[in-house]
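Here is the structure we will look at, set down as structure tokens.
Chain letters run A, B, ... following the sequence lines, proteins first and then strands; every chain starts at 1.
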2 protein chains.
Amino acid sequence: MRTFVAAAEAGRFQDAAAELSVTQQAVSKRIAALEKALGVRLFTRTARGARLTVDGQAFLPHARDLLRSAARAVGSVRPGRRALRVDVIGRRLAPAGLLGDFRKAHPEVELDVVTLFDADAAVDAIRSGTIDASFRAVTMPGRQLPDDIRAVRAFDEPLQLLTGPGHPLAAARAVTPAQLAGQRIWMPGIVAGTEWAAYYDDLAAAFGLTIEVTGPDFGTEPLLDTLAGSGSLATFVGEQTRLVWPADHGLRRIAVRDPAPVYPHSLLWHRGNPHPALAVLRDHLRSGRHAVSAAGSWTPAWA
Amino acid sequence: MRTFVAAAEAGRFQDAAAELSVTQQAVSKRIAALEKALGVRLFTRTARGARLTVDGQAFLPHARDLLRSAARAVGSVRPGRRALRVDVIGRRLAPAGLLGDFRKAHPEVELDVVTLFDADAAVDAIRSGTIDASFRAVTMPGRQLPDDIRAVRAFDEPLQLLTGPGHPLAAARAVTPAQLAGQRIWMPGIVAGTEWAAYYDDLAAAFGLTIEVTGPDFGTEPLLDTLAGSGSLATFVGEQTRLVWPADHGLRRIAVRDPAPVYPHSLLWHRGNPHPALAVLRDHLRSGRHAVSAAGSWTPAWA
DNA sequence: TGCCCGCACAACCGCCGGTTGTGGCCCGGC
DNA sequence: GCCGGGCCACAACCGGCGGTTGTGCGGGCA
């Protein structure tokens, strides 16, 4: 591909060969091999060089795109000056959406999103320089952040109740946490010891809820299927969580108010991290309308 | 890259090897070679398979992107079911911008834009199936379209006058063609015998203009430089033409009215072309607000 | 603790992709 | 019209890349 682009730009195989530090014959063989693989002729050979055919013209922007893609791929892991790397809890949760907004607002910033196992791994990765920042709960009960880690409360995300159409609360426009006492709240896939488990433990204790965090995580589709078919099960989802409906199950998202439980997303980073894009991200968080803890909301005491 | 993605998805080199119909050792060597080339470790090898490192997680979406890019590249020249291929006169002129809008409105359509030498080549390419459609002047004086070519007037693009700050008309908000009689209009790079030359010939004859189409085309930058430094030269540009200012030269774009010369862009295609995206493009042209010949505009008699 | 699964290393080898050498074609100049 | 030069294709050659088979090793799990 690189040879093709070089030849297209130079207009002559010989110049492309010089550019790539190979012989003209090597360029000729490379182009011939590419043409054979594609089944079309990319250049018309003349006595004064090689000009693109129509197929070649159509192919050229795709070839450039592929080279750009390859450069971005290398740039994402290049030691030293790699792209900004941010850890999020889940790809479909609010932090991931926020990073999507950030990407749109700053398309020039190379950004990679990863998901680490837990908050401890995230802190370790931040300290070792493996990642640049992490969206996690700022503090866990009984845990203390190391001195070299900085954190800001980035934004709070209200929780909503997700139920099937047969649930007793399905028709409600909003519910209070007190109304949920006694209801079965099912949160499979929550690993004990993580900040999510701590959050839901506190939430359950504060309002007398029954939250089942047991059970393996089979993915969202089976969860949604089960919810849709159950008349008694419900689960919590973040307000900004984007679900992919496998089909229309008649699922209902119901606001929770008085007080509204909100999940406190925070941004963690290393004190001495010099990555220029990190400052851009922090500015974006500050300048955006990422409201923090409106009145009438609930967060755990440790947040 | 394909091996990396397969291994990341499978979680085990052996399964990826089966998927790719090679041995496990080959996959191991490929991954090792990629890691060596990148200078980072992409997988952590365990007794139960291979899991992505943080670097590997960051790399994975870029690898997928590269594979998609490669598939698009192949798709652009795949004989039979290739992407929709449309010829435009110039990459910075209105038809190219229109196709950009079309791309945004229909991101699912694979679209390639090419530029053929002249209208005859475009018609030949349409008849031979090399391209699917062409934005060209629908008819040339004295020429007749073949029976198997369909054409619709797609949209008319008003011309503007482009001058430097020292030009006598630089301060005008609008001019009439009659005012331009005697002024030097410079249109380098227009090849005699093309529809552009015919258009400007007719325009010059209709209003007594002096249009110099001679001279080779050195690109837009030298043209803009010359215009900016000249107190007497001017040129025509399409209203929707996007110029790249090399620097702020104080260039002025001045509307032309009473009547407004408009360039009649048309879409040409082959009667029997079954490409599904071609119908989408034609629908897009019909449904959009691509006004044709408003009152008070001028076009050549042959349009 | 022993088995077994899964990846790495070693040795081997075919062929891919580079080189040098040469031929042919097209265009421009004399 | 012939000659010359520039540019690409073809041929022959060869080293090493990338595949194979065979084997070693380490870490879970019974």
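Protein atom CZ of Arg30(A) is 15 Å distant from nucleotide atom P of dC8(D), rounded to whole Å. For the pair Lys29(A) NZ and dA9(D) P, the computed distance is 12 Å after rounding to whole Å. Look at CZ on Arg12(A): it is 16 Å from P on dC27(C), rounded to the nearest Å. Rounded to whole Å, atom P of dG16(D) lies 13 Å from atom NZ of Lys36(B). Straight-line distance from the CG atom of Leu34(A) to the C1' atom of dC16(C): 15 Å, rounded to whole Å.
Residues of residues 14-27 of chain B having a heavy atom closer than 4.0 Å to DNA chain D, listed by number: Val22(B), Thr23(B), Gln25(B), Ala26(B). Within a heavy-atom distance below 4.0 Å of DNA chain C, the residues of residues 38-56 of chain A found are Ala47(A), Arg48(A).
Salt-bridge check for Arg30(B) with Glu35(B): failed, with every basic side-chain N at 4.0 Å or more from each acidic carboxylate O. Salt-bridge annotation for Glu110(A) and Arg78(A): absent, with no side-chain N of the basic residue lying under 4.0 Å from a carboxylate O of the acidic one. Under a 4.0 Å N-O distance rule, the pair Asp65(B)/Arg68(B) qualifies as a salt bridge. Ion pairing of Asp112(B) with Arg72(B) is absent here, as no side-chain N (NZ or NE/NH1/NH2) approaches a carboxylate O to less than 4.0 Å. Look at Asp15(A) and Arg12(A) and you find a salt bridge, because one of the NZ, NE, NH1 or NH2 atoms lies within 4.0 Å of a carboxylate O, short of that distance. Note on Asp118(A) versus Arg136(A): no salt bridge recorded, every NZ/NE/NH1/NH2 to OD/OE distance being 4.0 Å or above.
Under the side chain to side chain donor-acceptor pair (under 3.5 Å) criterion, Asp55(A) pairs with Arg85(B), not counting sequence neighbours.
The number of heavy atoms from other shown groups lying within 6.0 Å of CD (Glu19(B)) does not exceed 12.
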